[in-house]
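Here the structure is laid out as structure tokens; the discussion comes afterwards.
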Amino acid sequence: VTMTDAAPTGVEAYCQLIRELSPDDIADYERMVQLVEDLGLFPYREEDRKVFPERLQGRCGQGVGLWQYPVQFASYLQLLHKLKVRSYLEIGVASGGTFLTTVEFIRAHACPDSGKFRAVGVDPAPPGTVCYMDEGVTRGKSLYQDGFREWLAREKQQGADTTFIQNFSYKLPTVLPWEEADKVTPESRSFFDLVLIDGDHGYAECLEDFRMFKDRANVLVFHDVVNVQCPGCVQAWQEVVDTDPDFEYFEFSQQYDSVEDGPHLGIGVCVRKSFLGGQDL
């Protein structure tokens, strides 16, 4: 067996799971839930693992470190597959699991021209670190940093238009090429088809990230939209849904019956009506 015949290992093996999905796999909700479980889940502290059902706690602190409920994120990926996007910004990358998974999935299955796909991740912590506070930096080194940095290095080596920016989201207008709002086009480097807002979880900060990209994105996504532990995210999401008529809204907030003290996590998606073009999702 030659090296080229050998099965992929490490982070590349997880990427292969994503790339090898068939259209039938993506259309199969249970298959997609299994994929997310197989990629590995984020919580590495005992108190955080308790928000997952007992059968999934062995997947926590493993793999790429997705801080997602598989039953929610599977539906989200299925929606992305229907939307088709050419560029992606993630605010709040942490371990890198959601960024890596989303980039690999879109490029393989949801981008009209994968060779021109562009992705930017922004976080104040170093790549793959679970938190920019000291404890998170220390723990992250033993969990996710090596894999995520390996993936970023491979992206660079292969010439992918993938960038990690170590900074706060409010600094993006000084970091990205930033045209005035009335001059922004879908080809602008400060415009993204898809933006995930998962940085500072305060109410004002969530809304500020949304407003920053409201006219610079076709799809904006909030995380923790039903999370009892993140009232600011819940409030910001609900306010946008109640007051902004420019979007169609989708919420993925499925819960596990065996988990108490919820609800937990939740994904809220704002799709610009003009981007849908009459498509029925």
Side-chain angles (χ1 to χ4, degrees), residues 3-4 6-21 35-45 48-49 59-68 73 77 80 87-109 111 114-169 171-172 174-176 189 192 194-200 221 223:
M3 286 299 292
T4 55
T9 59
V11 71
E12 178 63 17
Y14 293 109
C15 294
Q16 285 288 85
L17 291 178
I18 301 168
R19 297 181 203 133
E20 292 174 355
L21 292 167
L35 167 74
V36 181
E37 294 178 2
D38 291 343
L39 290 174
L41 306 173
F42 173 82
Y44 61 94
R45 298 183 300 184
D48 292 331
R49 295 185 186 199
R59 305 290 181 99
C60 295
Q62 305 293 324
V64 301
L66 279 162
W67 200 191
Q68 306 286 349
F73 201 64
L77 292 177
L80 293 187
S87 51
Y88 174 55
L89 169 67
E90 183 169 309
I91 297 172
V93 175
S95 65
T98 296
F99 186 65
L100 177 157
T101 300
T102 305
V103 169
E104 291 285 353
F105 181 82
I106 292 175
R107 192 162 51 206
H109 307 293
C111 181
S114 60
K116 295 182 179 179
F117 179 68
R118 174 170 57 95
V120 176
V122 58
D123 197 289
T129 307
V130 298
C131 175
Y132 70 91
M133 307 297 283
D134 290 343
E135 187 267 347
V137 171
T138 302
R139 292 301 306 275
K141 289 179 179 177
S142 63
L143 288 172
Y144 307 116
Q145 272 194 357
D146 290 347
F148 187 55
R149 290 184 178 192
E150 174 190 328
W151 179 78
L152 287 173
R154 193 201 69 216
E155 290 284 290
K156 182 177 181 179
Q157 182 181 34
Q158 295 182 351
D161 194 352
T162 302
T163 305
F164 179 87
I165 298 172
Q166 187 177 341
N167 216 322
F168 293 92
S169 60
K171 295 286 188 68
L172 284 175
T174 67
V175 177
L176 294 174
R189 297 290 290 186
F192 298 87
L194 175 67
V195 175
L196 172 62
I197 299 168
D198 195 19
D200 192 311
V221 183
H223 200 233

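None of these values were measured; they are calculated from a predicted model.
Closest approach of Q166 to A125, counting heavy atoms only: CG-O, 3.5 Å. When all heavy atoms are compared, the tightest approach of C15 to E104 is SG-OE2, 3.5 Å. In terms of heavy atoms, L41 sits closest to Q68 at CD2-O, 3.8 Å. For the pair C60 and P43, the tightest heavy-atom approach, listed with the atom from each and the gap, is CB-O, 3.1 Å.
A salt bridge (charged side-chain N to carboxylate O under 4.0 Å, His left out) with D161 is found for one member of K156, R189, K116 and no other, namely R189.
Every residue two or more places apart in sequence or in another chain was checked for a salt bridge (Lys or Arg N to Asp or Glu O under 4.0 Å) with R149, and none qualifies. Taking E37 as the reference, R55 meet the side chain to side chain donor-acceptor pair (under 3.5 Å) condition, with sequence neighbours excluded. Partners of E155 by salt bridge (Lys or Arg N to Asp or Glu O under 4.0 Å), not counting sequence neighbours, listed by chain and number: R107. Applying the side chain to side chain donor-acceptor pair (under 3.5 Å) rule to E20 yields the partners Q16; only residues at least two apart in sequence or on another chain are considered. For T101, the side chain to side chain contact (heavy atoms under 4.5 Å, CB included) partners two or more places apart in sequence, or in a different chain, are I18, L39, V64, L66, F73. Considering only residues two or more places apart in sequence or on other chains, N167 meets the side chain to side chain donor-acceptor pair (under 3.5 Å) condition with none of them.
Looking at D123, its side chain does come within 3.5 Å of a backbone N or O of V93 through a donor-acceptor pair. Listed for the Y144 side chain is a donor-acceptor partner under 3.5 Å among the backbone atoms of F42.
Ring geometry, F99 versus W151: the interplanar angle exceeds 60°, so the pair is classed perpendicular (tilted spans 30 to 60°).
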- Task: May I have the step-by-step check of side chain to side chain contact (heavy atoms under 4.5 Å, CB included) for I91 and L89, ending in yes or no?
- Result: CA-CA 7 Å; I91 297 172; L89 169 67; 4.2 Å; yes
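Within the model, atoms CZ of F164 and CG of L152 stand 7.5 Å from one another, a figure rounded to the nearest 0.5 Å.
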